Amino acid sequence: MKGNKQLFLRGGYPLLANYGISLIGDTLYLFAINWFLVSQTQNTALLGKINSVSTSILLVSNILVGPLVDQVNRKKLLIFSDLMSFLACLACAVLYKDYLDDQFILILTSAILSIALAINSPAAKAIVPHVVLGEDIERFNSIQNTLSSIIKVGAPIIGSLILAVNNNFNFFILINSLSFLLSALIIAFVPYCDNKQFHVSQSFQFHTHFVSGLKYVFSMKKILGVMVFISLLNFIMTAYDLVIPFAINVLLKQSDKIYSLVLSIEALGGILGGVLLTYRGSGQSEESFIQDVKYLALVLLMAGFFQNLFFIFLCAWVNGF
């Protein structure tokens, strides 16, 4: 038992630290970019442009990096993606001066972060079974979920406190940059052995994997339907993410503290939803999901009609739930 705990400390906790530090930096960065751009431009045009470009690049990158993660050392991929994000954010923190003149810098930085995320996310999942023992993976996932919930609740509040001390967007970018550097350093010391050798001449067989995946998805009509529905829902909720800072800042004339509170309430709703989902029967999951979407649509309509802070809070709670 003591030996297993020491192995978990050597491998599991550094992975958790890497995940937590990166998530704190990302959450603070997203909080800042949403609030600063909306407050400065008084519209969501630039923020929407950045989100559309980064989302499109993330979608394409997710398709392309699958074979890469399967054949390249996952530890090296994690370090590479963190360092790439570190350099992109550091350059943005130094070069960014004004939202009118430096739009391209923000768009390019977000694009690079999307590529890094597409590499980092599957590599981080794939490395866990090689670092954490089988009997400890469940404990690892539980701690990671708890850590994620705590950060999503607390980081927006921390962001608001930082704004009160240093109202500077570049400072938030610098924090995100340093979080990636620290994450890369932590991963470098994770014990990980990969016997696979990657050669440039080795084919990724991308076409074979891609076509095989498409055939499987199209043969499973139910899975295809769920994917299309989730994609449409995510498209709609992207607009929601743009509207929330705009509604709070421009329409309701509220401060960043209210925005941070809305984000924290959304995270709390997610925690409660996860707890309730644990006690729901598996046969009710599909009906409950559809019912939740109906509730969210109703609350969004009410918030759109009445433009009241109470409905913004309610939207955040239901959306997180």
Side-chain angles (χ1 to χ4, degrees), residues 11-33 50-51 53-93 106-132 137 140-141 143-152 155 172-194 196 198 204 206 209-210 213 234 238 241:
Y13 286 144
L15 286 181
L16 291 171
N18 168 270
Y19 172 80
I21 291 170
S22 294
L23 184 58
I24 290 173
D26 286 340
T27 306
L28 290 175
Y29 172 76
L30 290 174
F31 166 81
I33 194 172
I50 292 172
N51 282 354
V53 171
S54 59
T55 302
S56 300
I57 290 177
L58 180 62
L59 177 63
V60 174
S61 300
N62 279 332
I63 296 173
L64 297 176
V65 300
L68 184 70
V69 174
D70 289 337
Q71 299 191 42
V72 180
N73 185 296
R74 281 79 181 258
K75 180 177 176 178
K76 292 180 180 179
L77 284 177
L78 288 173
I79 295 173
F80 171 75
S81 62
D82 281 336
L83 290 179
M84 181 168 65
S85 300
F86 160 68
L87 293 173
C89 288
L90 182 63
C92 183
L106 289 178
I107 293 173
L108 180 61
T109 302
S110 297
I112 294 173
L113 291 178
S114 294
I115 296 173
L117 177 62
I119 297 172
N120 189 284
S121 183
K125 292 182 177 68
I127 199 176
V128 172
H130 297 274
V131 176
V132 181
I137 289 180
F140 175 89
N141 291 332
I143 296 174
Q144 187 179 61
N145 290 335
T146 303
L147 182 64
S148 175
S149 299
I150 293 172
I151 291 173
K152 288 179 180 178
F172 282 88
I173 305 174
L174 181 61
I175 291 175
N176 199 24
S177 174
L178 295 176
S179 74
F180 285 119
L181 177 60
L182 187 55
S183 296
L185 292 174
I186 292 173
I187 282 295
F189 291 99
V190 171
Y192 173 71
C193 180
D194 190 350
K196 293 178 296 183
F198 171 73
F204 279 149
F206 168 75
H209 289 298
F210 184 69
N234 286 336
T238 299
D241 292 335

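In this chain, numbering begins with 1 at the start of the sequence shown. Bear in mind the structure is a predicted one, so any value in this text is a computation, not a measurement.
- With a 4.5 Å cut-off on side-chain heavy atoms, L83 and L181 count as touching.
- For the pair I33 and I173, the minimum side-chain heavy-atom distance is 4.5 Å or more.
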For a side chain to side chain contact (heavy atoms under 4.5 Å, CB included) check, start with the C-alpha distance between L117 and D26, then their side-chain angles and the critical distance, and finish with the verdict. CA-CA 11 Å; L117 177 62; D26 286 340; 5.7 Å; no
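- Residues C89 and L174 form no side-chain contact, since every pair of their non-hydrogen atoms from C-beta on lies 4.5 Å or further apart.
- Side-chain contact check for Y19 versus S183: every heavy-atom pair is 4.5 Å or farther apart.
- Take I175 and apply the side-chain contact (heavy atoms from CB on, under 4.5 Å) test, not counting sequence neighbours, and it matches L28, I162, F171.
- Closest non-hydrogen pair, C92 versus L106, comes out as SG-CD2, 4.0 Å.
- Listed for the S54 side chain is no donor-acceptor partner under 3.5 Å among the backbone atoms of S110.
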Please walk me through it: do S179 and S22 pass side-chain hydrogen bond (donor to acceptor under 3.5 Å, both in side chains)? CA-CA 6 Å; S179 74; S22 294; 5.6 Å; no
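- Proximity of I57 to I112: side-chain heavy atoms (C-beta onward) are nowhere separated by under 4.5 Å.
- Counting non-hydrogen atoms of neighbouring residues, nucleotides and ligands closer than 6.0 angstrom, the NZ atom of K152 reaches no more than 12 such neighbours.
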As a quick check of understanding, evaluate side chain to side chain contact (heavy atoms under 4.5 Å, CB included) for I187 and L15, giving each step before the final call. CA-CA 7 Å; I187 282 295; L15 286 181; 3.7 Å; yes
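- At distances below 3.5 Å, at least one donor-acceptor pair connects side-chain atoms of N145 with backbone N or O atoms of N141.
- Between K125 and S121 the shortest side-chain heavy-atom distance falls below 4.5 Å.
- Closest heavy-atom contact between I119 and M84: CD1-CE, 4.4 Å.
- Screening L185, L90, L113, N120 against F180 for a side-chain contact (heavy atoms from CB on, under 4.5 Å) leaves a single residue, L113.
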